[in-house]
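Encoded as structure tokens, the structure appears first; notes follow it.
Please read these numbers as outputs of a predicted model, since none were measured by experiment. The sequence lines fix the lettering, A, B, ..., with proteins before strands; numbering per chain opens at 1.
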Amino acid sequence: MPELPEVETLTRKLRKTVIGKRVSGIWLSGFPLRSPVCGTMASKLRNRTVCRILRRGKYLVFELGPKAFWLVHLGMSGRLLYHSGRFRRNRHTHAVIRFSDTTRLEYRDPRRFGLLASYEVMRPDQIPEIRSLGKDPLSPGFNVLWLQPVLQNCRQEVKSFLLDQQKIAGLGNIYACEALFLAGIHPKRRCFNLDSKEILALVGAVRGVLRRAIRHQGTSFSDFIDLEGKPGRNQNYLKVFRRESEACLRCGNPIQRIRQGNRSTFFCSECQK
DNA sequence: GCATTACCCTGAAAGC
DNA sequence: TGCTTTCAGGGTAATG
């Protein structure tokens with residue numbers, strides 16, 4: 001399940017691999033993903049050169065010259081794989097970008113929750129999906145000064161707040177659970193009830209879990225692998241996520257699991273108040 | 001207007 | 001062993 005650290009890991013590897021390459025052709029499966037993939041995408045991007053690759057929240061944005069952007073979201077199970085030799089498409093391959101040097105970039109997505117789209121806009125922030133995103137938690141603007149008034153006006157449970165991409169862009173279930181544990185905040189606490197000390201702890205915890213995960217090249221349970229097919233290592237460092245009934249690494253009490261908004265939440269009822 | 005819920009999808013795991 | 005059911009979760013439309 002690619003969240004910010006996994007997409008950031010991919011972005012960094014893609015920059016080293018495909019920047020400067022010219023697209024000579026695009027193959028599309030024709031299957032719909034989160035929404036249908038527009039067939040004109042291939043003609044819009046053909047003969048263009050990848051000049052910049054950005055990450056915004058969990059989105060990858062490829063800039064291919066003036067007024068040509070390729071937007072990629074990996075959803076739950078999406079993968080981007082780089083091939084310098086021969087490879088076989090499988091039933092979950094939904095796009096293959098062929099470069100003029102014969103290397104290829106393959107998009108696979110078994111559950112088809114991802115998104116592929118092209119946009120003719122001047123800047124990435126004119127792409128609707130990007131425009132609606134909230135604050136990037138690794139940006140300087142993600143701080144107590146910004147977060148405190150936002151939380152004060154919000155009645156949501158803090159875990160649901162952290163998953164809301166229109167508020168904070170890039171956190172998913174794994175890192176929301178981990179950040180709340182690190183900050184010592186119960187996931188069902190209402191946002192407006194958090195005090196300034198807790199908000200300060202939350203800002204630090206969110207940044208901390210994301211930076212650590214990027215250092216470990218992302219978290220891999222079953223889905224995430226990088227450009228060369230290698231898994232991340234951060235699953236070995238998680239404190240609560242998918243550790244139901246196991247001992248809390250801080251106090252020894254069993255980790256609990258509850259359902260919140262159709263998602264599993266893992267937490268320690270002793271350490272998180 | 002805001003918060004919550006249901007739905008899309010397929011592979012893996014659990015249950016029978 | 002093999003079939004059926006359940007679960008996982010990101011984003012969004014529908015509902016409360």
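- Note on His92(A): a side-chain N or O is less than 4.0 Å away from OP1 or OP2 of dG11(B).
- Mapping Glu129(A) and Phe113(A) onto DNA chain C via the closest heavy atom, the residue that lands nearer the 5' end is Phe113(A).
- In this structure, Asn262(A) reaches the bases: a heavy-atom distance under 4.0 Å links it to at least one base atom across the strands shown.
- When hydrophobic side chains of Ile, Leu, Val, Met, Phe, Trp and Tyr are connected at separations under 4.5 Å, Leu145(A) ends up as a singleton with no cluster partners.
- Here the P atom of nucleotide dT12(C) and the CE atom of Met76(A) are 15 Å apart, to the nearest Å.
- The aromatic rings of His83(A) and Phe87(A) sit parallel, their planes meeting at an angle under 30°, below the 60° perpendicular limit.
- Side-chain proximity of Arg91(A) to the nucleotides dG11(B), dG11(C), dG9(C) is greatest for dG11(B).
- Between dG10(C) and Arg263(A), a contact under 4.0 Å exists linking OP1 or OP2 to a side-chain N or O.
- In summary, Arg250(A) and Glu270(A) do not engage in a salt bridge, as defined by a charged side-chain N under 4.0 Å from a carboxylate O.
- A sub-4.0 Å separation between OP1 or OP2 of dG10(C) and a side-chain N or O of His73(A) is absent.
- Using modelled atom types, one finds a donor on one side chain and an acceptor on the other under 3.5 Å when comparing Glu157(A) with Gln260(A).
- For Leu133(A) and dG11(C), the CG to C1' distance is 11 Å, given to the nearest whole Å.
- Distance, Ile258(A) CD1 to dT4(B) P: 13 Å, rounded to whole Å.
- Rounded to whole Å, the distance from CZ on Arg79(A) to P on dG11(B) is 12 Å.
- For Phe31(A), the CZ atom is loosely surrounded, since the number of other residues' heavy atoms within 6.0 Å does not exceed 12.
- Residue Ser264(A) has a polar side-chain atom (N or O) positioned under 4.0 Å from OP1 or OP2 of dG9(C).
- One finds no side-chain N or O of Arg34(A) lying less than 4.0 angstrom from the OP1 or OP2 phosphate oxygen of dG10(C).
- Considering only side-chain atoms of Arg259(A), the nucleotide from dG10(C), dG9(C), dG11(B) that sits closest is dG9(C).
- Contact annotation for Arg112(A): backbone-only contact, meaning every heavy-atom pair under 4.0 Å involves sugar-phosphate atoms and none involves a base.
- Defined by atom type and a distance below 3.5 Å, a donor-acceptor pair is present between the side-chain atoms of Tyr119(A) and Glu129(A).
- Within a heavy-atom distance below 4.0 Å of DNA chain B, the residues of residues 154-167 of chain A found are Cys154(A), Arg155(A), Gln156(A).
- Rounded to a whole Å, the CG atom of Leu33(A) is 17 Å from the P atom of dG10(C).
- In this structure, His216(A) and Tyr237(A) have parallel ring planes: the angle between them is below the 30° cut-off, well short of the 60° mark.
- When the C1' atoms of four end pairs are superposed on the next four at each end of the helix from dC2(B)-dG16(C) to dC16(B)-dG2(C), using five pairs per end, the two resulting axes differ in direction by 60°, to 10°.
- If you measure from atom CG of Leu115(A) to atom P of dG11(C), you get 10 Å, rounded to the nearest angstrom.
- When each of Arg55(A), Lys167(A), Lys58(A) is paired with Asp136(A), the salt bridge (charged side-chain N to carboxylate O under 4.0 Å, His left out) condition holds for Arg55(A) and for no other.
- dT10(B) atom C1' lies 15 Å from atom CZ of Arg108(A), rounded to whole Å.
- Side-chain N or O atoms of Glu8(A) include none that pairs as donor or acceptor with a backbone N or O of Leu4(A) at under 3.5 Å.
- In this structure, a donor-acceptor pair under 3.5 Å is present between the side chains of Thr103(A) and Lys21(A).
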